[in-house]
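Naming convention: chains lettered A, B, ... in sequence-line order (proteins, then strands); numbering from 1 in each chain.
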There are 2 protein chains.
Amino acid sequence: MKPTIVYGIGVEATIEVIGGKWKPIILCHLKHDTRRPSELKRLMPTITQKMLTQQLRELEDSGVIDRTVYEQVPPKVEYSLSTYGRSLEPVLELLCTWGEEHIDRRKTQFNENIILEHTEL
Amino acid sequence: MKPTIVYGIGVEATIEVIGGKWKPIILCHLKHDTRRPSELKRLMPTITQKMLTQQLRELEDSGVIDRTVYEQVPPKVEYSLSTYGRSLEPVLELLCTWGEEHIDRRKTQFNENIILEHTEL
DNA sequence: CAGTATCCTTTAGGATACTG
DNA sequence: CAGTATCCTAAAGGATACTG
């Protein structure tokens, strides 16, 4: 018999899947495109190799991303949202756009110096 | 001159405001209702007094919730989404519903024993 | 290029006791 | 009731070196 898990509200289950410092960012970068680890590293210059791999494994274990390995030398790997992971697209979209609007607000209301690099690789 | 802050993608700014273990849960409980600290504590039995106060302060500092103090004995305090915080409502709504659907999936696809207490106080 | 393994630091989070 | 203050632990995260 499996243990019983109790949640008080739906968002608790969401946090378990996409919570943390890096997962939402990784997922947003996979939102429209398949990405290689080296691309993700360039998109997130401050993430360490260890954290990148670790977070990608956890997202894979949760079933929201797919890992595709091309058997060649040098190795090539691609990550993408899984079929199930695509159900997160609306969530990720809102998380991104709210942040963009929040940045605008901080610029205009509070005169903060903020740069949003909308990197295209 | 204020320092320059650099973001790679919008969601990074969102995480700074609603990231962490407790903030999304607190905000979801404030999504439709004004709540007293004691109510929040009952809705989140596993949060400690310290974390509750701390997270509420941070949300207040970010400008997404309001704190209303009624000058009476015993003291009465109420927290609610601020005008600006209400811009988060669509985000919070999606975070909740995605979690609910994720729980359903885990129940039906993987036969996990999960209880979602949709507590009404 | 993609990933492991090890060790280390930081910080998020918790237990407990106390106050107006 | 709402909140502080102190101390402590666990977990998240990072630096570095190495491998197929």
Side-chain angles (χ1 to χ4, degrees), chain A residues 6-9 11-12 14-30 33-62 65-80 121, chain B residues 6-9 11-12 14-30 33-62 65-80 121:
Chain A
V6 180
Y7 294 112
I9 192 170
V11 67
E12 294 174 24
T14 310
I15 297 306
E16 286 190 352
V17 177
I18 68 165
K21 181 177 176 180
W22 296 114
K23 293 203 183 85
I25 303 175
I26 292 172
L27 289 170
C28 281
H29 284 303
L30 295 178
D33 313 279
T34 289
R35 296 285 191 187
R36 298 182 59 175
S38 51
E39 285 182 291
L40 291 170
K41 188 74 189 64
R42 252 171 287 156
L43 291 164
M44 301 178 284
T46 60
I47 198 173
T48 58
Q49 173 70 49
K50 176 194 160 188
M51 289 310 295
L52 180 58
T53 308
Q54 189 180 100
Q55 302 299 304
L56 287 167
R57 288 293 168 279
E58 292 178 12
L59 290 169
E60 209 188 336
D61 292 344
S62 303
I65 68 171
D66 287 330
R67 178 171 181 262
T68 310
V69 182
Y70 297 86
E71 292 297 347
Q72 59 184 51
V73 180
K76 178 179 172 180
V77 175
E78 282 184 346
Y79 291 95
S80 57
L121 285 197
Chain B
V6 180
Y7 294 111
I9 193 170
V11 67
E12 294 175 24
T14 310
I15 297 305
E16 286 190 352
V17 178
I18 68 165
K21 181 177 175 180
W22 296 113
K23 292 204 183 83
I25 303 175
I26 293 172
L27 289 170
C28 281
H29 284 304
L30 296 177
D33 314 279
T34 288
R35 297 285 190 186
R36 299 181 61 175
S38 51
E39 285 182 291
L40 290 170
K41 187 74 188 65
R42 252 170 288 155
L43 291 163
M44 301 178 282
T46 61
I47 198 174
T48 59
Q49 172 69 48
K50 176 194 159 188
M51 289 310 294
L52 180 58
T53 308
Q54 188 181 99
Q55 302 299 305
L56 287 168
R57 289 291 168 281
E58 291 178 11
L59 290 169
E60 210 189 335
D61 292 344
S62 302
I65 68 172
D66 286 331
R67 177 171 183 263
T68 308
V69 181
Y70 297 87
E71 293 298 346
Q72 60 183 50
V73 180
K76 177 179 172 181
V77 175
E78 282 184 345
Y79 292 95
S80 57
L121 286 195

Qualifying residue, where the test is side-chain contact (heavy atoms from CB on, under 4.5 Å) with B:His29 and the options are B:Ile25, B:Ile26, B:Asp33 |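 Exactly one option meets the side-chain contact (heavy atoms from CB on, under 4.5 Å) with B:His29, and it is B:Ile25.
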
Test side-chain contact (heavy atoms from CB on, under 4.5 Å), reference A:Ile65, set A:Glu60, A:Gln55, A:Glu58, A:Arg35, output is A:Glu60

Between C:dC1, D:dA2, C:dA2, which nucleotide gets closest to the side-chain atoms of B:Ser38?
->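 Shortest atom-to-atom distance from the side chain points to D:dA2.
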
Which nucleotide in the list D:dG13, D:dG3, C:dA2 gets nearest to the side chain of B:Tyr79?
->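 Looking only at side-chain atoms, B:Tyr79 lies closest to D:dG3.
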
Using a heavy-atom cut-off of under 4.0 Å over every strand shown, decide if B:Gln49 touches base, sugar-phosphate, or nothing.
-> base

Under 4.0 Å between any heavy atoms, over every strand shown, what does A:Pro75 touch: base, sugar-phosphate, or nothing? Just pick one.
->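 If one applies the 4.0 Å heavy-atom cut-off, A:Pro75 turns out to touch a base.
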
Whichever of B:Arg36 and A:Thr48 has its nearest DNA chain D nucleotide further upstream toward 5' =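 It is B:Arg36, whose closest nucleotide lies nearer the 5' terminus.
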
For the residue pair A:Leu56 and A:Arg67, establish whether any side-chain heavy-atom pair is separated by less than 4.5 Å.
-> no

Give the rounded distance in Å between these two atoms: [atom1] of [X] and [atom2] of [N].
X: A:Ile65; N: C:dA2; atom1: CD1; atom2: C1'; result: 14 Å
X: B:Met44; N: C:dG13; atom1: CE; atom2: P; result: 13 Å
X: B:Gln55; N: D:dG3; atom1: CD; atom2: P; result: 14 Å
X: A:Arg57; N: D:dA12; atom1: CZ; atom2: P; result: 18 Å
X: A:Lys21; N: C:dT11; atom1: NZ; atom2: P; result: 9 Å
X: B:Ile47; N: D:dG3; atom1: CD1; atom2: P; result: 12 Å
X: B:Leu56; N: D:dA2; atom1: CG; atom2: P; result: 11 Å
X: B:Leu40; N: D:dC1; atom1: CG; atom2: C1'; result: 13 Å

Taking a pair to mean Watson-Crick or G-U wobble geometry with both distances below 3.5 Å, C:dT11 pairs with D:dA10

What does D:dC18 pair with, Watson-Crick or G-U, if both distances are under 3.5 Å?
->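 Pair assignment: D:dC18 / C:dG3.
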
Please state whether the phosphate of D:dG3, meaning OP1 or OP2, lies under 4.0 angstrom from any side-chain nitrogen or oxygen of B:Arg67.
-> yes

OP1 or OP2 of C:dA2 less than 4.0 angstrom from a side-chain nitrogen or oxygen of A:Thr53, does that happen here?
-> no

Mind running side chain to side chain contact (heavy atoms under 4.5 Å, CB included) on B:Trp22 and B:Thr46 for me, showing each step along the way?
-> CA-CA 10 Å; B:Trp22 296 113; B:Thr46 61; 3.4 Å; yes

Roughly how far, to the nearest 0.5 Å, is the CZ atom of B:Arg42 from the CZ atom of B:Arg36?
->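 If I round to the nearest 0.5 Å, the distance is 8.5 Å.
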
